[in-house]
J.: 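Shown below is the structure under consideration.
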Amino acid sequence: MLAKLQHIVQRVNAAANLHEALEIIVHQVKAAMDTDACSVYVRDPVVPQYVLMATEGLHPSSVGKIRMTASEGIVGLVATRQEPVNVANAAGHPSYRFFPETGEQQFSGLLAVPLVHFRQSVGVLVVQQERQRVFAEEEVAFLVTIGAQLAASLSYAALGSAVSPHEPGPPGPVGLIQGLPGAPGVTIGSIVLPSPLAELDAVPNRVPDDIAGEEANFRRAVHETQQELRASAGHMEGRLSGETRAIFDVYILILGQDDLIQGVVARIRKGNWAPGALRDTIAEHAKVLEQVEDPYLRARAEDIRGIGRRLLLHLMSDLSAARGYPDDAVLLGDEVSLARVADVPPGQLKAIVCLRGSVVSHTAVLARGLGIPAVMGLGPRDVRSLDGHPIIVDGYRGRVFIDPLPAVIQEYRRLIQQEGRLSTKLAALRDLKATTTDDVHVGLGLNVGLLTDIDVAANLGVDEVGLYRSEFPFMARDTFPMEQEQYEIYRKVLTAFAPKPVTMRTLDIGGDKPLSYFPTAEENPFLGWRGIRLTLDRPDIFLPQLRAMLRANVGLNNLRIMFPMIGQVDEFKAARGAVDRARRELGEEGCECPAPAVGAMLEIPSALLSISALARYADFFSIGTNDLTQYLLAVDRNNPNVARLYNNLDPSIIRALYGVIREARRRGKPVSVCGEMAADPGSAILLLGMGLQSFSMSASAVLRVKWAIRSFSCQRARQVLHRAMRMERADSVRGMLNDELRRAGLGELVLA
Ligand code: PEP
Ligand code: MG
């Protein structure tokens, strides 16, 4: 049974669209259960009704016509109760509703199971039989198991087909895909699929402008790859075993094969660009080899793929230089890396959309830094054919429309105008201080990471850089930047903001910020070798960074150093010791560096509970609410499955923040918040009520938060906080904060 089940699920997952997926389900399930009919009903979210979308056994003409609300028929009952119904004689069931057009009068036994995804019924799967008997326990177990697996695939497939303009989409708004808000803002643009380096399977399809040019590019790549292989084989002569050397020979041989080259050329001529044509040709050749009995020949499939990757690298290196981007580029990918963002010329990138991740993923953080909207966590789907398609990105509501209807475009143009009016209004606050109505000045800082952030930051009227994410320059490169290169970057940042303080955080890699050139495969990376844990273990990486920061500070004296992911006092002491060592060694080399203030990020629960001990060694604290929320709630900040649970207005988070801010202040240590919570105007009021006087956020949030702070008194903020602390649910806190913002005349900030 397991084999049958896996086979069905695999086939459904491989379906090109919803229609095909449903056909496969009814056909395969009917055959696997050896029953007389199998049908699937899918929820039309607009009406809402359950619609017969595919059947094998009922009258085909009834497909699309039979519709039931949640209170009609056995289908409605199963969808509402989210429990199976198994009856020997369906017509005798009190909920049974007969539709003559189905021709189902000959069936008696009926088993229906719900398809539930994220607590919602997305459909109902039904099998029927002529015999008057209930289905056996194993049959029920089979259908329930298959329903459980298909529900997720089906809802993705449903959405996936909505994004394909050529397929009849499922009922509902055309091309709408719901994801998670990543960065605020709305935009209309054109999809650009970033070209992943050397990942053949991720290569998108693309229609080339110049077929002959594409063919010439491919032939050039073949030539370059052959030369490279010959050169490598030559360099290695005498240093390689015969066996290893043979790999080069096999590669050169494969590359000379006419059918491989002709296969690619034929596909280019049919209208795909060279990387897409290469992907399919390599897959075809590898598949043939994988099926042969001989293990030696089977292993050649990997060689074919190796050749494919090398060819792709050559193709891409030609293309990345030549690649033109539209003026309204929207990068859409599984995860959009910093390197891909950096490829797009400034001003042409309008939004980022990711299939994975959530609001606190680093891609979303990056988008906020760039001041462009982002939508995250659309879920796995095949987007390879979407290059160049128009898209609306709604970063407030976390959704996108692909190939939007004219009416939707019109509506979004109106929203964009509304946004424009809000920006004009906010621009008037630029030169004003962030001072509460009872005259308390609040420090506003910026979170930055890229040199381009410096330009965005100009004229925002901020007091400091509260968080410089030093890993960003590391992520935008192919190798570790050396001390001198780091020095030049840090010097630019410190100079740009001097004399305002700049808090540079030491390298925070690991977790969702891997470096392609420093892979750390871990079962559970967020609980693993991350941030200060990694840098303390690797003085060869840590010390050059500290030296570069300290040197960059000479003559400017506006550097503060902060360590990420501090969980224990000993870690802080060791990290602080490394700063002292770097300073001492630089002094011995004749470079006297001023001593910077050194602080800790509070983002691991144990650090919050050790605040009194940490306060003995740290000069300041900054609370990272992004990680703190994930660790306190045990909710992965990147996992769309649990994104609903990730909420920094959870009463437990509010209580934790209240306690730690009070404790830091009691010990006379400056404390700020640099996680995303500081960037949310409603949450900023709560933090103000806790006595927080230093906030750091991405550029796009500064004026919004300033507006909120200028509209409240500290006393009012304290009242809001105390009301929030009596609430049991994050939703209630959010609702109350929105009401408060509206009451204070800031309704335009309550868009999402
Ligand atoms: C945080 O965790 O809140 C934070 C500011 O750091 P990052 O998002 O870079 O992990
Ligand atoms: Mg963090």
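As the structure is a prediction and not an experimental result, all values here were calculated from the model. When a ligand or atom number is given, it counts from 1 through the structure's own listing order.
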J.: Distance only, no hydrogens: is a donor on one side chain within 3.5 Å (strictly under) of an acceptor on the other, for S470 and Q545?
T.: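 Yes, because at least one side-chain N or O of S470 sits under 3.5 Å from a partner of the opposite role on Q545.
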J.: Output the atom name for the N/O/S atom of E603 with the smallest distance to the Mg ion (ligand 2).
T.: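 Going by distance to the Mg ion (ligand 2), the closest N, O or S atom in E603 is OE1.
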J.: Does even one non-hydrogen atom of Q630 get within less than 4.0 Å of ligand 1?
T.: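 No, that is not the case, since the closest heavy atom of the residue is not under 4.0 Å from the ligand.
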J.: Please determine, by modelled atom types, if S622 and S672 share a side-chain donor-acceptor pair under 3.5 angstrom.
T.: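 There is such a pair (donor and acceptor under 3.5 Å, judged by atom type) between the side chains of S622 and S672.
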J.: Looking at every non-hydrogen atom in both residues, tell me the closest pair between K706 and L444 and how far apart they are.
T.: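 Scanning both residues, the minimum pair turns out to be CB-CD1, 3.9 Å.
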J.: Could you see which bit of R530 sits under 4.0 Å from ligand 1, with heavy atoms only: side chain, backbone, both or neither?
T.: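 Side chain only; the backbone of R530 stays clear of ligand 1.
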J.: How far is atom 7 (P) of ligand 1 from its nearest protein heavy atom, and which residue and atom is that?
T.: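 Answer, as residue, atom name and distance: H362 NE2, 3.4 Å.
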J.: Decide whether the shortest distance between a heavy atom of M565 and an atom of ligand 1 is less than 4.0 Å.
T.: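 No, that is not the case, since the closest heavy atom of the residue is not under 4.0 Å from the ligand.
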J.: Taking NZ, NE, NH1 and NH2 as the nitrogens, is one of them in D739 or R723 under 4.0 Å from a carboxylate oxygen of the other?
T.: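 Result for this pair is no, no salt bridge flagged.
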J.: Does one side chain, of Y487 or E483, offer a donor that lies under 3.5 Å from an acceptor on the other?
T.: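 Judged by distance alone, the side chains do not pair up.
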J.: Using heavy-atom distances only, which candidate in L628, V673, N626, L602 approaches atom 4 (C) of ligand 1 most closely?
T.: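 When every heavy atom of L628, V673, N626, L602 is considered, N626 comes closest to atom 4 (C) of ligand 1.
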J.: Should E676 be counted as touching ligand 1, given the test is an N or O pair under 3.5 Å?
T.: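 No.
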J.: Any side-chain heavy atom of V660 sitting closer than 4.5 Å to one from I623?
T.: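 Sidechains of I623 and V660: in contact.
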J.: For N/O/S atoms only: which one belongs to D627 and is nearest the Mg ion (ligand 2)?
T.: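 In D627, the heteroatom (N, O or S) nearest the Mg ion (ligand 2) is OD2.
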J.: Report, in ascending order of atom number, the atoms of ligand 1 lying under 4.0 Å from any heavy atom of G675.
T.: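 The list of qualifying atoms is 3 (O), 5 (C).
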J.: In the structure I gave you, are the side-chain heavy atoms of R530 and E522 within less than 4.5 Å of one another anywhere?
T.: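 Side-chain contact under 4.5 Å: no.
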J.: Could you check whether any side-chain heavy atom of L422 comes within less than 4.5 Å of a side-chain heavy atom of R704, counting everything from C-beta outward?
T.: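 Touching, per the 4.5 Å side-chain cut-off.
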J.: With heavy-atom distances below 4.0 Å as the criterion, list the atoms of ligand 1 near M601.
T.: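 In order of numbering, the contacting atoms are 4 (C), 5 (C).
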J.: Write out the residue and atom name of the closest protein heavy atom to atom 6 (O) of ligand 1, then the distance separating them to 0.1 Å.
T.: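 For this ligand atom, the closest protein heavy atom is R505 NH1, 2.9 Å.
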J.: In terms of side-chain heavy atoms, does N447 have a donor or acceptor partner in S696 at a distance below 3.5 Å?
T.: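 N447 vs S696: donor-acceptor pair found between side chains.
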J.: By number and element, which atoms of ligand 1 are closer than 4.0 Å to a non-hydrogen atom of L467?
T.: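 Here the atoms of ligand 1 in question are 5 (C).
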J.: Heavy-atom contact under 4.0 Å between T625 and ligand 1?
T.: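 Within the 4.0 Å threshold, so yes.
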